[in-house]
Amino acid sequence: MTDIIERITESGTGEQAPADGELTPYVAPLPVPPVLRPASVDVRHETEIALRPTWVRLHPQLPPTLMWGYDGQVPGPTIEVRRGQRVRIAWTNRIPEGGEYPVTAVEVPARTPGTPPATTEPGREGVVPNADVAALPAWSVTHLHGAQTGGGNDGWADNAVGHGDAQLSEYPNEHQAVQWWYHDHAMNITRWNVQTGLYGTYLLRDDEEDALHLPCGEREIPLLLADRNLDTDEDGRLNGRLLHKTVIVQQQNPETGKPVTLPFTGPYTTVNGRIWPYADVADGWYRFRLVNASNARIYDLVLVDEDDNPVPGVVHQIGSDGGLLPRPVPIDFDSAMPTLTAAPAERFDLLVDFRGLASKKLRLVNKGRAQAPGVPDPVSDVRYPAVMEFRVHESGESDDFRLPEVLSGSFRRLTHDIPHGHRLIVLTPPGTKGAGGHPEIWEMTEVEDATGIQLPADGIVQVTGQDGTTKTYRRGARTFNDGLGFTIAEGSYEQWSFLNLAPIVHPMHIHLADFQLMGRDPYNVSGFDPTVGGTRTPITFNPATQLPLAPNEHGYKDVFRVPGSQILRVMGRFDGAYGRFMYHCHLLEHEDMGMMRPFVVMPPEAMKFDHGAGHEGHEGHTG
């Protein structure tokens with residue numbers, strides 16, 4: 001198939017794929033995935049969604065790209081159900097055995113600091129592709145991200161299936177109206193499988209949402225963002241081949257002997273599977289269901305006019321990962337919220353008011369750190385800020401929709417008065433002792449009597465909290481295959497505190513439960529010594545820096561950004577299902593490299609007979 005791709009050099013418009021990678025933006029219409037409404041479960045019926053290879057035209061100037069898709073589509077169909085409608089889906093692997101793996105993977109050397117990173121450019125730069133990735137079979141398991149369903153239906157990473165086999169999952173859909181999404185979750189290779197095209201969105205409706213009379217039908221559009229890179233042929237022209245290109249930051253880790261790389265980010269942004277598309281919209285209200293389906297790119301989105309000036313007052317966020325927000329949040333791209341920041345797997349339910357903007361062209365762009373919106377910032381890994389364009393036409397009709405002042409009367413804010421347990425999870429720097437050059441998740445247990453511990457010590461972390469009390473914690477687990485750490489009683493509330501010791505932002509995702517953010521606390525983490533694997537001096541609360549929650553972080557979420565030098569506290573209830581689940585960093589490269597851990601939810605009555613595994617750390621408290 002590679003030979004076929006390389007022979008196709010002409011686009012449908014008669015243009016050749018450019019040698020410099022400079023594709024023309026906003027020349028392809030935005031595709032909208034078809035809607036699939038599964039039948040309710042009975043003893044005879046299940047809905048099959050087949051994984052199949054497909055050829056996708058990512059851009060009119062490119063030849064077709066080999067990809068894998070749910071029902072042979074990239075992204076997969078938008079699945080739509082009603083609250084309480086139990087459905088059963090057979091995710092069937094119909095990808096032929098022995099077929100070509102769609103992704104070429106290379107690792108390229110890092111460049112001089114201050115120059116554009118290699119990830120901003122297409123092509124392999126003469127590096128030989130990873131033969132082990134090229135030899136991967138079609139081995140996949142689907143996770144319905146956000147769903148409350150039993151562990152056997154959740155898409156456990158080891159339970160991937162091969163050609164001809166099916167993963168049968170049942171979803172109760174007993175949840176408030178929400179946007180979930182589905183994607184591959186196969187152990188060790190999620191980063192490449194998702195890049196092949198294995199992702200789609202899932203909408204759950206209910207009566208509370210219906211009563212708002214939000215824009216619907218053609219005026220409700222999913223926007224699935226995913227960055228991509230492309231390979232080039234011997235003439236330097238884009239050949240359409242998917243390229244997973246990462247940068248080596250350590251040529252040979254002393255513990256593993258292998259290179260250490262940064263997570264993947266690509267120069268080209270796709271929306272619903274097309275690079276930089278345009279959407280024709282009327283001068284009225286629209287609802288956009290946005291999800292960042294990228295491996296690792298965090299978008300800082302801004303809506304701008306044709307002169308790259310931010311457009312205030314037209315974008316309102318009404319929902320996040322777990323459903324409707326209590327009230328609409330204006331996204332005005334001002335000093336209070338200069339961008340709409342979207343980490344991988346976060347979802348945003350947006351209302352956009354195009355009234356009064358007829359004949360205008362508005363663009364959604366990704367803002368680099370150093371430049372103004374819409375301006376390329378290659379040094380910050382934003383070579384192409386383009387995301388998509390909206391072309392507003394005059395409809396000749398009035399739109400009488402009015403933005404509600406209150407969205408969800410059923411929303412209830414969680415408080416510390418609710419009886420709850422505590423967990424402390426430490427996110428370590430890549431160079432930490434024993435980590436093989438990659439960041440890890442450490443599950444911590446409070447040490448009641450630390451007098452016999454000689455500090456510093458591997459796996460021992462001391463934290464001085466806001467009240468001035470210093471507590472000592474011992475690492476209980478650090479890799480996915482370590483012993484079970486967390487066993488949770490179904491129906492119970494827990495607060496999980498994520499302490500990030502590294503400068504990178506980790507978007508953490510916990511399966512099964514919805515959470516509310518309780519607070520962001522700044523800490524001085526300089527006391528942690530990666531060479532020892534523990535603290536020389538306590539990590540200390542830093543009152544000089546206040547970290548208020550963003551206005552759009554006050555709803556239910558299942559993905560939460562944890563910046564460095566910070567403890568993020570989240571609280572949620574683990575209800576509605578039993579089984580073994582996972583939590584992990586949603587930078588897919590980190591997830592695949594071991595930044596993922598299991599937990600178990602079981603009936604509280606059964607926990608009385610537990611042998612003790614999984615209870616350590618339950619009373620560990622930070623804030």
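Keep in mind that this is a model prediction, so the values were computed, not measured.
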Between [X] and [Y], do the side chains contain an N or O donor and an N or O acceptor separated by less than 3.5 Å?
| X | Y | result |
| --- | --- | --- |
| H584 | H506 | no |
| H554 | Q516 | no |
| Y101 | N193 | yes |
| Q179 | T201 | yes |
| H244 | E107 | no |
| R241 | T104 | yes |
| E208 | S410 | yes |
| D184 | S140 | yes |
| E589 | N295 | yes |
| N292 | S294 | yes |

Would you say that [X] contacts [Y] through its side chain, given a criterion of any heavy-atom pair below 4.5 Å between the two side chains?
| X | Y | result |
| --- | --- | --- |
| P344 | L587 | yes |
| L214 | L351 | yes |
| P137 | E97 | no |
| P429 | P439 | no |
| K557 | S320 | yes |
| P38 | I79 | yes |
| L36 | T47 | yes |
| L301 | F348 | no |

Quick check: does any side chain N or O of [X] sit under 3.5 Å from a backbone N or O of [Y], one acting as donor and the other as acceptor?
| X | Y | value |
| --- | --- | --- |
| D71 | I49 | no |
| W180 | G146 | yes |
| N272 | P31 | yes |
| Q317 | G319 | yes |
| T269 | A226 | no |
| R347 | D321 | yes |
| H590 | L588 | no |
| E490 | G576 | yes |
| R297 | G266 | yes |
| T432 | T428 | no |

How far does [atom1] of [X] sit from [atom2] of [Y], to the nearest 0.5 angstrom?
| X | Y | atom1 | atom2 | value |
| --- | --- | --- | --- | --- |
| M602 | T487 | CE | OG1 | 5.0 Å |
| I89 | L144 | CD1 | CG | 7.5 Å |
| Q73 | T54 | CD | OG1 | 8.0 Å |
| T265 | I298 | OG1 | CD1 | 10.5 Å |
| M571 | R569 | CE | CZ | 9.0 Å |
| R474 | T445 | CZ | OG1 | 8.0 Å |

With salt bridge (charged side-chain N to carboxylate O under 4.0 Å, His left out) as the rule and sequence neighbours excluded, what pairs involving residues 134-157 come up?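 Matches after skipping sequence neighbours: none remain.
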Which pairs with one or both residues in residues 185-206 pass salt bridge (charged side-chain N to carboxylate O under 4.0 Å, His left out), sequence neighbours excluded?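 Qualifying pairs: E80-R205, R83-D206, R191-D592, R205-E209, R205-E220.
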Quick one: side chain to side chain donor-acceptor pair (under 3.5 Å) partners of [X], sequence neighbours excluded?
| X | value |
| --- | --- |
| H175 | D514 |
| R412 | none |
| E443 | Y583, R597 |
| N159 | none |

Begin with the C-alpha distance, continue with both residues' side-chain angles, and end with the deciding distance and a verdict on side-chain contact (heavy atoms from CB on, under 4.5 Å) for L517 and L568. CA-CA 8 Å; L517 276 63; L568 174 67; 3.9 Å; yes
Mind running side-chain contact (heavy atoms from CB on, under 4.5 Å) on V447 and Y473 for me, showing each step along the way? CA-CA 5 Å; V447 179; Y473 297 89; 5.9 Å; no
Partner residues of H145 under the ring-ring contact (aromatic ring centres under 6.0 Å, His included) criterion, sequence neighbours left out: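 So H145 forms a ring-ring contact (aromatic ring centres under 6.0 Å, His included) with H143, W181, H183, H509, H586.
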State which residues pass ring-ring contact (aromatic ring centres under 6.0 Å, His included) with F599; sequence neighbours excluded, sorted by chain then number.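 Listed in chain order: W496, F574, F581.
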Which pairs of donor and acceptor atoms, one on a side chain in residues 166-173, lie under 3.5 Å apart (sequence neighbours left out)?
residue	atom	partner	partner atom	Å
Q167	OE1	T142	N	2.7
Q167	NE2	T142	O	2.8
Q167	NE2	S169	OG	3.1
S169	OG	N153	O	3.1
E170	OE1	R88	NE	2.9
E170	OE1	R88	NH2	3.0
E170	OE2	R86	NH1	3.0
Y171	OH	W91	NE1	3.0
N173	OD1	Y202	OH	2.8
N173	ND2	Q85	O	2.7
N173	ND2	Y171	O	3.2
N173	ND2	Y202	OH	3.2

Please determine whether a side-chain nitrogen of the Lys or Arg among [X] and [Y] lies less than 4.0 Å from a carboxylate oxygen of the Asp or Glu.
| X | Y | answer |
| --- | --- | --- |
| E553 | R520 | yes |
| D165 | R94 | no |
| D482 | R475 | no |

Once side chain to side chain contact (heavy atoms under 4.5 Å, CB included) is applied, do any residues pair with R580, and if so which ones, sequence neighbours excluded?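 R580: side chain to side chain contact (heavy atoms under 4.5 Å, CB included) contacts with W156, L484, P598, V600.
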Which residues share a salt bridge (Lys or Arg N to Asp or Glu O under 4.0 Å) with R274, sequence neighbours left out: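 Not a single residue meets the salt bridge (Lys or Arg N to Asp or Glu O under 4.0 Å) criterion with R274.
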Using the salt bridge (Lys or Arg N to Asp or Glu O under 4.0 Å) criterion, which residues pair with E255? Sequence neighbours excluded.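 None.
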If you take all heavy atoms of A157 and M596, which pair is closest and at what distance?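 A157 and M596 have their closest heavy atoms at CB-CE, 4.3 Å.
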For L204 and R82, which heavy atoms make the closest approach, and how far apart are they?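 Shortest heavy-atom separation between L204 and R82 comes out as CD2-C, 4.3 Å.
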